[in-house]
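Notes to accompany the following structure.
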Amino acid sequence: MRKTTRSREIFSKAQSYFPGGVNSPVRAFKSVGGEPFIVRSGEGPYLIDVDGNRYVDFINSWGPLVLGHAHPVVVEALQRQLAMGTTFGACHELEVQLAEIVQRLFPSMEMMRFVNSGTEAGMAVIRLARGFTKRSKIVKFEGCYHGHADVLLAKAGSGVLTLGLPDCAGVPEAAVSDTLVAEFNSLDSVERLFSECGSEIAAIIVEPVVGNCCLLVPQPGFLQGLREISANHGALLILDEVMTGFRVALEGAQGLYGVTPDLTMLGKVIGGGLPVGAFGGRTDIMKLLAPLGPVYQAGTLSGNPLAMAAGIATLGEWMKPGNFEKASGVAAQLVFGMREAASRYQIPLQVEAVGTMFGFFFAHSPVLSFRDTLKVNKEAFVEFFKAMLDEGVYFAPSAFEAGFVCLPHSGEAIDYTLSKLPIGFTAARRAMT
Ligand code: KE4
């Protein structure tokens, strides 16, 4: 049994400072029960908590850490930059260097701007799309999460879904009256919205592979269909690649599925573990941004050299020939191992990986839409999660979050994980009888 004395002490103190004891809701373990452990450090694919327990970490801080924790290349780049200063609120060469790398992998981002989170990127692309088209309606999808800007917090996935709050309190009706919600993988649901108010729709925004209600993979033709529908109605297509960027493929979902958006959101990986978001796209749209145009957007720490240094070091290592393939191979190994163990224990399991992102549902049939996710066996997930955690394997503490594989998962960490699956599935089975 895991020792949790020190974690409990610290978590009880944390609860007197932070609502739920956390600085982001999903960390509170609310949907899996029990209390979160308190992290002391990260090493490669592992987290070590304050009681000395070690966990194989399949969250990678919700996606950013493609190289794992405290990779020497990233640490060294940060140490070098630290000695020269962390932020200047002025132009710096490292911003240009990171932009060059991003544009090489995402050529649709003819121009871009760095911000400090995915949420900021989401706010900016919506304002920009509305400014460019002079329209106000936005189409999003049930189960997709694009950060917590009011306009996008209508039936969001991720934290809101996990906490069972289909609509978020505190968001005035006026803030979401122009936010239309369609069904992922249903072009009909999108066509219906456009037939009703196509001329008022500024943009479609979508997670091209949905990682915020676990993992929903786009069915053939879906993303291409969104591209056609938006173009036919003079609306923009925004791909939220905050999670999928550099993870489903180095070139993101737009490279993997061959769909060119008008605007893209990025985050997570480009900061290499420091707070960075980005948005970008067609020059004619981006030139509407201040100081060139009338659409305002700004940020004190945007493009700060410390975060840029971490992003450059991370992507430089990640893009080395064979690294992405090696990590994707580990994700495939995990999927195969889970499928094999689940069938051995007669557990109905749907498990998929797209590049280095993966997701699994305790369900009898494929899960292709938000509505399908409502039929999954959450109790089985909770028992699986808890049993694996006690064995030192840390999956997302929610049935509605994707998992992530990093480069150092290969070898010992994935072998250890696969060896513990029988324990996890035996626990899940108990919840299913
Ligand atoms: P941030 O504001 O958290 O940097 O990014 C928001 C965001 C935007 N778009 C997508 C596709 C995202 O997945 C996210 C944030 N993802 C969640 C995990 N599902 C972050 C974890 C958390 O909220 O604590």
Side-chain angles (χ1 to χ4, degrees), residues 18-32 36 39 57-65 114-126 138 140-163 165 168 184 204-218 223 238-248 252-254 261 263-279 299 301-302 307 310-311 354-359 370 373 394-404:
F18 315 119
V22 294
N23 283 297
S24 198
V26 71
R27 304 176 190 175
F29 277 33
K30 277 279 173 268
S31 68
V32 292
V39 177
D57 173 21
F58 284 108
I59 299 178
N60 298 181
S61 185
W62 304 99
L65 303 175
F114 292 120
V115 291
N116 300 285
S117 69
T119 293
E120 278 186 70
M123 293 164 67
V125 289
I126 296 301
I138 299 289
K140 75 173 292 288
F141 294 85
E142 273 188 307
C144 284
Y145 175 67
H146 307 290
H148 60 85
D150 278 1
V151 60
L152 289 164
L153 218 45
K155 290 187 183 170
S158 185
V160 174
L161 181 69
T162 304
L163 296 177
L165 303 175
C168 176
F184 189 76
I204 296 173
I205 183 168
V206 67
E207 290 184 63
V209 175
V210 185
N212 282 291
C213 50
C214 194
L215 193 81
L216 301 181
V217 181
L223 296 176
I238 301 169
L239 292 188
D240 178 348
E241 297 231 44
V242 166
M243 201 186 267
T244 54
F246 317 96
R247 275 233 172 246
V248 297
Q254 56 195 269
L263 291 170
T264 296
M265 290 162 61
L266 293 175
K268 297 181 191 274
V269 175
I270 52 170
L274 269 71
V276 182
F279 64 99
L301 294 172
S302 295
V354 185
T356 62
M357 263 174 80
F358 67 89
F370 172 77
T373 64
Y394 181 39
F395 288 109
S398 156
F400 299 105
E401 292 286 353
F404 304 94

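For ligands, and for the atoms within them, numbers begin at 1 and follow the listed sequence.
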Q: Find the distance between OG1 (T373) and CG (L215) and round it off to the nearest 0.5 Å.
A: 12.0 Å
**Q.** Proximal atoms of ligand 1 relative to V26 (non-hydrogen, under 4.0 Å)
**A.** 24 (O)
Q. Does ligand 1 have a heavy atom under 4.0 Å from the side chain of T119, from its backbone, from both, or from neither?
A. both
Q: To the nearest 0.5 Å, tell me how far K268 NZ sits from T244 OG1.
A: 10.5 Å
Q: Classify the contact between E401 and ligand 1 as side chain, backbone, both or neither, using a heavy-atom distance cut-off of under 4.0 Å.
A: side chain
Q. Out of curiosity, L223 CG to F184 CZ, how far, rounded to the nearest 0.5 Å?
A. 6.0 Å
Q. For ligand 1, which atoms sit closer than 4.0 Å to a heavy atom of S117?
A. 2 (O), 4 (O)
Q.
For a side chain to side chain contact (heavy atoms under 4.5 Å, CB included) check, start with the C-alpha distance between S302 and N116, then their side-chain angles and the critical distance, and finish with the verdict.
A. CA-CA 6 Å; S302 295; N116 300 285; 3.5 Å; yes
Q | Partner of I138 by side chain to side chain contact (heavy atoms under 4.5 Å, CB included), out of V125, I126, I204 | A | I126
Q: Using a 4.0 Å heavy-atom cut-off, say whether H146 meets ligand 1 through its side chain, its backbone, both or neither.
A: backbone
(Q) Quick one, M243 and N212 - any side-chain contact, counting heavy atoms below 4.5 Å? (A) yes
Q) Just going by heavy-atom distances, which of F400, W62, Y145 is nearest to atom 21 (C) of ligand 1? A) W62
Q. Any nitrogen or oxygen of G211, main chain or side chain, under 3.5 Å from a nitrogen or oxygen of ligand 1?
A. no
Q) Looking at M243, which atoms of ligand 1 are within less than 4.0 Å of one of its heavy atoms? A) 13 (O), 19 (N)
Q. Under 4.0 Å from any heavy atom of S24, which atoms of ligand 1 are there?
A. 22 (C), 23 (O), 24 (O)
Q: Hey, could you give me the CD1/SG distance between I205 and C144, rounded to the nearest 0.5 Å?
A: 9.0 Å
**Q.** Region of K268 engaging ligand 1 - heavy atom pairs below 4.0 Å
**A.** side chain
Q: Using a strict cut-off of 4.0 Å, indicate which atoms of ligand 1 neighbour a heavy atom of G147.
A: 6 (C), 7 (C), 8 (C)
Q) Between the candidates G118, P275, C214, G122, which shows the shortest non-hydrogen contact distance to atom 5 (O) of ligand 1? A) G118
Q. Backbone N or O of V32 within a donor-acceptor pair of the S398 side chain at under 3.5 Å?
A. no
(Q) Under 4.0 Å from a heavy atom of E207: which atoms of ligand 1 are those, numbered in the order shown and with their elements? (A) 11 (C)
(Q) Going by the rule ring pair (Phe, Tyr, Trp, His ring centres under 6.0 Å), which residues pair with F58 if we only count those two or more places apart in sequence or in a different chain? (A) F358, F395, H409
